[in-house]
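Every number for a ligand or one of its atoms is a count from 1 in the order of the listing. Hydrogens, waters and symmetry mates are skipped; everything else that's a heavy atom, side chains included, is used. Computed from a predicted structure; not experimentally measured.
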Amino acid sequence: MRKFTADIGEEDFGKEVELYGWVHEVRDLGGLVFIVLRDREGFAQITLPKKVVDRELFKRARKIRRESVIRVVGEVKPEEKAPNGFEIIPREIEVLNEADAPLPLEVTEKVPAELDTRLDNRFMDLRKPRVQAIFRIRHVAIQAIREYFDRHGFIEVHTPKIVSTATEGGTELFPITYFEREAFLNQSPQLYKQTLMAAGFERVLEIGPIFRAEEHNTIRHLNEAVSVDIEVSFTDHEGVMRYLEELVKEVYEKINERCERYLEWLNLKLEVPETPFERLKYDEAVEIARKKGEEIVWGDDLSTAALKLIAEDYSGYYFIVDWPTESKPFYAMPYEEEPEISKTFDLMKGWLEIASGAQRIHQYDLLVRRISEQGLAPESFGFYLQAFRYGMPPHAGWGMGLDRLMMAILGLQNIREAVLFPRDRQRLVP
Ligand code: ATP
Ligand code: AMO
């Protein structure tokens, strides 16, 4: 019977199983050959005592090159010294695809490799259980996000990724040629998810790529990232912050429930964060950084240096709320009684920004004014503005970088670790 290595247990002792996988290691002790087979769920020891197995098979087995793909049929025997307490005495080993030598990268991790070398040989790097684990956990995180929002009455949508305008400030756009016209890769589904509020969907979720022409090379910026976006009608910024903190907590819980093996491969124990997350006002955050010696002009975004100082006091998840209106995009709702600050928030984990969101302006006139005040041309927002003229409900929403969330949950040192094939200034392949 075909099995994954991890599914083999006591009930299989004395029975024959069929395994498919890669040759992780071959140890040749003369009269005894061990092949460590690796599949997507773990390892199995294939043991070939010269005196027991077929002679032809024994001769072939000791020559199989590492990372070749094999099929093994054999009997499961209890063996205390083998990983997981069993070994397979093979009746048959079929090489389905032989690997070349030398290998471009060590899957056994006996030799450490630079991140660049790993990313250059990503297919091979991804074979490492520790690296596989990241993506198995990322899968569960996405599952948890979908389940959470499905339960809360959201519908999942897909909006265009080829667009005609910027939404998050004009400097970080990738222009493309769209027949006779100039177009761009979308920075955020912002305008479309808001437009869907005018369409009456009330609660939407999108999980999709965003593109930003970030020039700098940092451990937290990608040029292509995956963003989890929501937009909700008849609520304010506080309403969507509650979804966000509850969601983050639930993602941790579901990972703990469903990813025991993968957390073990990463040598990680996840502590579920407590909700509600603390709300730190922008003004208070500025004060903390200033007291620690950082010069900050009120109204500016918080620099990485400032955020690192703030994170000395706030190491877990927390919100920075009530940002200066001028530091946030045009669609953010200013407080009525104090319009220089806005109903906005960033979700932080220590110094790392995970998400940002706001209550939105839903009044046409105010929106046009804010677009102009930010030095943008209302004419280029035609389809978007139109949606505000014929019945736009009050609404709020946020966007969360999925890659950043994974970085935060798994404690990864570089965002590229959370992405299969990362795109950065230097990297367009693989
Ligand atoms: P987003 O870009 O989605 O708003 P972010 O976390 O990428 O979120 P930025 O606005 O890009 O945040 O940057 C946050 C702060 O970090 C800003 O003050 C910015 O000047 C600073 N920053 C950005 N890139 C770098 C960099 N490469 N090195 C140091 N500081 C940086
Ligand atoms: P913002 O520009 O803050 O907000 O982006 C939302 C979240 O997306 C992630 N992110 C990135 N991740 C990796 N690499 C990047 N270059 C990158 N840029 C952004 C971050 C960030 O917090 N329209 C608003 C959201 C909203 O208000 O609904 C927006 O795009 O985790």
Side-chain angles (χ1 to χ4, degrees), residues 141 145 154 157 159 161 163 165-174 184-197 203-233 235-237 239-241 243-244 247-248 301-302 304 307 317-321 323 325 327-333 342-361 370 374 384 395-409 412 414-419 422-425 427:
I145 293 167
F154 283 69
V157 297
T159 63
K161 303 304 155 208
V163 299
T165 50
T167 56
E168 311 302 317
T171 54
E172 297 168 0
L173 273 170
F174 281 116
F184 306 96
L185 295 176
N186 86 302
Q187 291 175 305
S188 155
Q190 187 64 34
L191 306 188
Y192 291 96
K193 60 179 185 168
Q194 286 193 261
T195 303
L196 292 177
M197 296 302 99
R203 290 175 207 166
V204 298
L205 162 71
E206 178 161 13
I207 304 177
I210 55 167
F211 303 89
R212 298 190 179 198
E214 316 270 5
E215 301 220 359
H216 39 250
N217 178 22
T218 79
I219 57 165
R220 69 173 200 284
H221 286 96
L222 295 162
N223 293 112
E224 178 175 346
V226 172
S227 167
V228 176
D229 274 272
I230 70 160
E231 204 63 32
V232 183
S233 289
T235 192
D236 59 8
H237 53 305
V240 291
M241 282 160 74
Y243 280 127
L244 184 50
L247 171 71
V248 169
D301 203 354
L302 297 174
T304 304
L307 290 171
Y317 287 96
Y318 62 102
F319 287 107
I320 302 181
V321 300
W323 291 74
T325 305
S327 74
K328 288 289 180 185
F330 59 80
Y331 49 75
M333 179 72 100
S342 55
K343 299 183 175 182
T344 48
F345 59 88
D346 280 6
L347 174 66
M348 309 294 300
K349 166 95 191 289
W351 63 275
L352 183 68
E353 179 195 315
I354 307 290
S356 75
Q359 183 182 330
R360 324 298 191 182
I361 295 172
R370 289 293 302 133
Q374 294 224 343
Y384 171 69
H395 59 284
W398 46 252
M400 171 173 71
L402 180 65
D403 322 284
R404 293 235 182 131
L405 179 69
M406 296 320 295
M407 188 181 171
I409 293 177
L412 305 173
N414 192 314
I415 196 167
R416 291 163 184 77
E417 295 260 13
V419 182
R423 287 289 168 268
D424 63 30
R425 182 80 189 261
R427 191 168 287 282

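Geometrically, ligand 2 and G401 share a nitrogen or oxygen pair separated by less than 3.5 Å. Inclusion of I210 in the set of residues having an N or O under 3.5 Å from an N or O of ligand 2 is not warranted.
Summarising the geometry, atom NZ belonging to K193 is positioned 9.0 Å from atom NE2 belonging to H395; distances are rounded to the nearest 0.5 Å.
Less than 4.0 angstrom separates some heavy atom of A355 from each of these atoms of ligand 2: 22 (O). Atom numbering of ligand 2 starts at 1 in the shown order; those under 4.0 Å from a heavy atom of K193 are 26 (C), 28 (O). Interface atoms of ligand 2 facing S188, defined by a heavy-atom separation under 4.0 Å, are 23 (N), 30 (O). Close approach of ligand 2 to E353 (heavy-atom distance below 4.0 Å) involves ligand atoms 3 (O), 21 (C), 22 (O), 31 (O). Atoms of ligand 2 found under 4.0 Å from any heavy atom of L222 (numbered from 1 in listed order, with element): 13 (C), 14 (N), 15 (C), 16 (N). For ligand 2, the atoms closer than 4.0 angstrom to any heavy atom of Y331 are 23 (N), 24 (C), 27 (O). Atom numbering of ligand 2 starts at 1 in the shown order; those under 4.0 Å from a heavy atom of G357 are 27 (O). Below 4.0 Å from some heavy atom of I415 lie the following atoms of ligand 2, by number and element: 13 (C).
When all heavy atoms are compared, the tightest approach of Y317 to A408 is OH-CB, 3.8 Å. Residues L185 and L173 share a closest heavy-atom pair of O-CD2, 4.0 Å. Across all non-hydrogen atoms, the minimal contact from A418 to M406 is CB-CB, 3.9 Å. Between H216 and E214, the closest heavy-atom pair is NE2-OE1, 3.2 Å.
Heavy atoms of S356 found under 4.0 angstrom from ligand 2 belong to the backbone as well as the side chain. Counting heavy atoms under 4.0 Å from ligand 2, residue E172 does not touch it at all.
Of the candidates H221, R212, E214, M400, the one placing a heavy atom closest to atom 5 (O) of ligand 2 is R212.
For the pair R360 and E231, the salt-bridge criterion is met [side-chain N within less than 4.0 Å of a carboxylate O]. One finds a salt bridge joining E206 and K161 here, because a Lys/Arg side-chain nitrogen approaches an Asp/Glu carboxylate oxygen to under 4.0 Å.
For the ligand labelled ligand 2, residue R220 lies inside the 4.0 Å heavy-atom shell. Using a 4.0 angstrom heavy-atom cutoff, I354 counts as in contact with ligand 2. Using a non-hydrogen distance threshold of 4.0 Å, Q187 does not register as a contact of ligand 2.
Contact of the L222 side chain with the D424 side chain is not registered, since no non-hydrogen atoms from C-beta on lie closer than 4.5 Å. With a 4.5 Å cut-off on side-chain heavy atoms, L247 and I145 count as touching.
By the salt bridge (Lys or Arg N to Asp or Glu O under 4.0 Å) test, R370 is found to be paired with E373, residues two or more places apart in sequence or in another chain being considered.
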